[in-house]
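Every chain is numbered from 1, with letters handed out A, B, ... down the list of sequences.
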Amino acid sequence: MTLIFIIKRMTYDFNKIEKKWQDYWAKNQTFKAENKSEKPKFYVLDMFPYPSGAGLHVGHPLGYIASDIYARYKRHQGFNVLHPQGYDSFGLPAEQYAIQTGQHPAVTTAENIKTYRRQLDQIGFSFDWSREVRTSDPSYYKWTQWIFIQLFNSWYNNDSNKAEDISTLEKLFASEGNSKVNAVCDADIMSFSAEDWNAFDSKKQQQILLQYRLTYLAETEVNWCPALGTVLANDEIVNGVSERGGHPVIRKKMTQWSMRISAYAERLLQGLDKIDWTDSLKESQRNWIGKSVGASVVFPILSFPGGEEKAGSQNRAGYMTGGNNSHLLLERARDMRAKPTLAEAALWEQLRNKNLDSKFRQQHLIGDFIVDFVCLSKKLIVEVDGKIHESQLEEDAKRTEILENDYYKVVRFTNEEVLGNIENVLEKIQNELAHRECHKSDSRKSEQIPPSGVRGIKVFTTRPDTIFGVSFMTLAPEHELVSQITTPAQKGDVEAYILATAKRSERDRMADVKTISGAFTGAYAEHPFTKQPIPVWIGDYVLAGYGTGAVMSVPCGDQRDYDFAKHFNIPIPNIFSPLTPKGGTEDSLNLIETEAFTEKAGFVLKNSDFLNGLDYKEATKKAIQELEKLGQGEGKTNYRLRDAVFSRQRYWGEPFPVYYDETGMPQMIDKKFLPIELPEVEKYLPTETGEPPLGNAKEWHWLQYGDDAKIVSKEAFESSSPSGRLGGALELNTMPGWAGSSWYFNRYMDPGNTEAFASKEALDYWKDVDLYIGGSEHATGHLLYSRFWQKFLFDKGVVPVDEYAKKLINQGMILGTSAFVYRFSWMVMSNPDKGFDILDPKMPYFFITKSKYEKIKEGNAEETKKTKDFFLNTLNEIFPDSEISLGGEISMQLNPTHVDVSFVNSSDELNIEQFKNWREYYSNAKFISEDDGTFKVKREVEKMSKSKYNVVNPDQICIDYGADSLRLYEMFLGPLEQYKPWNTAGITGVHNFLKKLWKLYHQGENGAFYVTSSSPSGRLGGAVSPPSEGLGEALKTLHKTIKKVQEDIENFSFNTSVSTFMIAVNELTAQKCTSKDILEPLLVLLSPYAPHIAEELWSQLGHNESISTAAFPIFDASHLVESSKNYPISFNGKMRFTLELPMDFDAKQIEEAVMANEKTQEQLAGRTPKKVIIVPGKIVNIVG
RNA sequence: GCUCAAGUGGCGGAAUUGGUAGACGCGCCGGAUUCAAAAUCCGGUUCUUCGGAGUGCGGGUUCGAUUCCCGCCUUGAGUACCA
């Protein structure tokens, strides 16, 4: 017996249903995730949205719908699902708006968030809103500031290969100096001993530590836009001017906070292998990190302008230092050596020849100074001051300070002291020497110093195996050696070239990579092995910013070197011996006749001394070994990844928890005082003195006595008591947009925590994101920086995993379908006496429908004439008093103009009335329509954007079709990761599907709910027919659907499951299925996609609880077993007909049946098949 | 230039390990219902000279290729002389 229950007549009132269930979910906190649960966890995350003023357009929810389907599916699977949402609410647009309107960004941001929230709610997402975070909320950015402090208090230890607390570094410095420390740090670090360190004052120590910290202050060259008063990122500059406003941009050096992300380059690269992210995304991160393995090689410089340096001597390094103008100073030093003062001569007599056991040099160049005497190994400078120094005490003091900064000690004596009591002077010097540790100039540290002076030209190469192919060196024009080594004869050429390069803008240099240019410096370097001189050139194909800014040019193995050599007639020695397929070499074949041979295989080396006969791998290894023996090179890995600038001259961002003390050193504010809240300012522009907007804050000085601290005005700070006082001016920059988004996924685990950014329990439970969905445009920004922070936090033991997202999917963009109308006009000529004003407001705009436009474009004379007549007649009607004539046909103007897509229907017909009302100046527009009276527009797919009038807002779609239709349709459009145009026309398809679905459950009289139950103890009681009786076809449909939908969700192929649902409903409708056994599980399948209608029908089935955690139906293959198969019968691979045969036929039986069939004989037309391929259960293919 | 992704009807797209190419939907065409329209329902819809041909183009492997291999073309994205 079958029980029938009829509830009441209902139509699919989606607006009412959707509102009802959205309210229900909110009221019952249906999607709240628990931090303690017996269930397995699953974390589904969407990329943080920026709440823009324009609100959501239909492209935004695409990824959210996909992740929501997955989250809901996982709930049906029995997981405790964390699916949070929040806002990356600091950012430029709100600030720009504040600048224009004076409205506080916090106010506009809050309004925008409200709109976003309303729009998100109406789509029915299963977010746990109790965990919402906003980056601009002080309770959130408190922890962003805290992480910044952790970075400041850390350094990267290459030996332990992780970040460590800065205190461990201080201990090392105090006990052994820095020579053995293997840290990631600034490039220009001087070595010091433990004694030096302990003798340094606090400021000096802090300056040194800053060179090791993971976030540090440094002078960085930035893109400065004076008009906007801020630094711009590279992608904010378009064609050399600012993207916003088109203002000029200049290169400027500024002191900024930087993040030492380069410390993590290798781990960021290696980590990619552990995570399931899209290949293209990993690929762009790999490119960005840009690892290249090779060697660094030093080429000594053979000739200096003065000729006083000779190449080849081993103890050259450290012999002399000097800045860019050293060659000028050197001449002066020589002069002074020749004409010493009496006192100098006397002292030199005593110091020379190692009378004091230390080697001294006289009139030597240190940095940009010529000092009287210096002991390089002990870094002791002895100055003998004549009368003249009394008048320049200040300059001397400054000079002393600079030298001391380089760890030199300066002792001064007067002429009188030296001449009067030279014994005393020598004793003092001896004393100093005894207290100073010996400085080895060739320590590991000094190798990190960029090449300068006689150290030679340091290059990085990925092909050390080709070192015998070097025929010249090329330096970047900006290289600091250029001015030092250029010979007088070449000076003119070189300077002219440098000037010409400097003039060329970045853009010119980029656009014009084909032109080869350069200049010879006149200098020669020495080949490390052959000791042959190699000419040194400069060329702008070598970039100052990469590697060492210099290359060893191997024209036979590098195309750019090859082109350069050809252009300047530099020899191209060949070192490649091509391999034949048999393994021998074939030297008659010249690999480099027309271009460089850049392959790393298929050759052995020749003309390469000890590398002869070796291949790429062997030779690379051998070359590095030999270079290391000579001390002129070593194996080296280079990364393109640069440290990230972390300061922005902006208001609407996180303030730094930093003040500058009286010595000007940055100090972190203690954790207990966080957050440092963003101050109020009167205007959001830079100050008159060019300081960032925070410079406008009246109170922005830190004033702290012990546990008491407050932010006060400059005056209040200066008048406060200095005793026990901490504090100073607060940092004026704010953090960049990526600060808050680099760790938010951790905050969602425990967003309300006030003691930590998340509790250990929460972090250990949720661990990482299982599924992360977002746009690929963040590939090298957010997604790289956030991995860096996560690894850092992992090193510090704060988070349990070092990769925060196991799987990441990129959703494609939904593009707009822009509409264009064609405007046309002719050149108008009128009689001067009876003229009319072309700017007369009565002068209308003329538009022509698409097909006629196309005819005219093709040169259709008739259509052109008609259009012309229409134009002229219309004008004559409007201006009856004028005599108007037109220019020739050639002067006809046809311009496509964007028109708002809301005026255009799905058949591309323009609503002329709406269009006329759109703009005042269109109100009297004239139209040439199609012959049937419609006016058609041209369509084109473009990015969705306000300025293209092609934005489609989800609000209206929800009103017209409902959120379930929108969700299904966005998924139905195509594969998630693909870019695809939005076309509202198709939404009726999925909407009809939902109506059909509704009908399937409402097959009662007058559309009443009607479901038959066969369950003996069903919820509504009653009896009883054997389960599944007579449901064969329906069960097959159901289980086919279960299988497909489950596979689809797990493969993120959401578009195909929508088709599957349609097929299922079509089939069940055809079967007139009313069985609860079928229709109930079907709802669970559908619920992730169309949750509102699923909830409604679920409750109509008699359930009192939400469908959201109902168990996902289990696929049972037995329902799909077929007894026969409709075999496709192919002839030579082409399917000609099908044949129904029993499933249990074996190959032989199939062949007999097929060959016996008359259609087979017809196809064969008397031929005998050569071969019959039979795959039982699949196909039959007859060949012949 | 390099790297990655993608090219299938009028359109969005499907074909999951090589096995019936064009599922599903839109649009279009025809029909039913209606005084009429909307809505709904039913049927058709790759091209075709009715033999066949056909998944960007040209080759190859295979009994069989949208799927695998080689070469090319086009489009989109990222990157910009990376030594």
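- Lys999(A) comes within 4.0 angstrom of sugar-phosphate atoms only, judged by non-hydrogen atoms across all strands, and of no base.
- Summarising the geometry, the separation between CD on Gln1046(A) and P on U16(B) is reported as 19 Å, rounded to the nearest angstrom.
- Annotation: Lys291(A), atom NZ; neighbour count of heavy atoms from other residues, nucleotides and ligands within 6.0 Å is above 12.
- In this structure, of C63(B), U40(B), G27(B), it is U40(B) that holds the atom nearest to the side chain of Lys995(A).
- Taking 4.0 angstrom as the limit, Arg640(A) places none of its side-chain polar atoms (N or O) nearer than this to OP1 or OP2 of A83(B).
- Contacts of Asp1048(A) with the nucleic acid, taken as non-hydrogen atoms under 4.0 Å apart, include base atoms.
- G18(B): no Watson-Crick or G-U partner with both key distances under 3.5 Å is found in any strand.
- Closest approach to the Asn1055(A) side chain among G19(B), A14(B), C24(B) is made by A14(B) (side chain taken as heavy atoms from C-beta onward).
- Around the CG atom of Asp273(A), the shell of radius 6.0 Å holds more than 12 heavy atoms that belong to other residues, nucleotides or ligands.
- Checked by atom type, the side-chain pair Ser262(A)/Asp643(A) shows a donor-acceptor distance below 3.5 Å.
- Residue Asn1051(A) places its side chain closer to U16(B) than to any other of C63(B), U16(B), G25(B).
- Side-chain contact check for Glu1140(A) and Tyr1127(A): no donor-acceptor pair (N or O, by modelled atom type) lies under 3.5 Å.
- Comparing atom distances between the Ser292(A) side chain and each of G19(B), A83(B), C24(B) picks out A83(B) as nearest.
- Remark: Gln978(A) is in phosphate contact with G13(B), judged by side-chain N or O atoms under 4.0 Å from OP1 or OP2.
- The shortest distance between the side-chain N/O atoms of Asn983(A) and the OP1/OP2 oxygens of G25(B) is not below 4.0 Å.
- Proximity of Lys980(A) to the phosphate of G12(B): no side-chain N or O atom is located under 4.0 Å from OP1 or OP2.
- Looking at the side chain of Asn1181(A), the nearest of the listed nucleotides U40(B), G64(B), U20(B) is G64(B).
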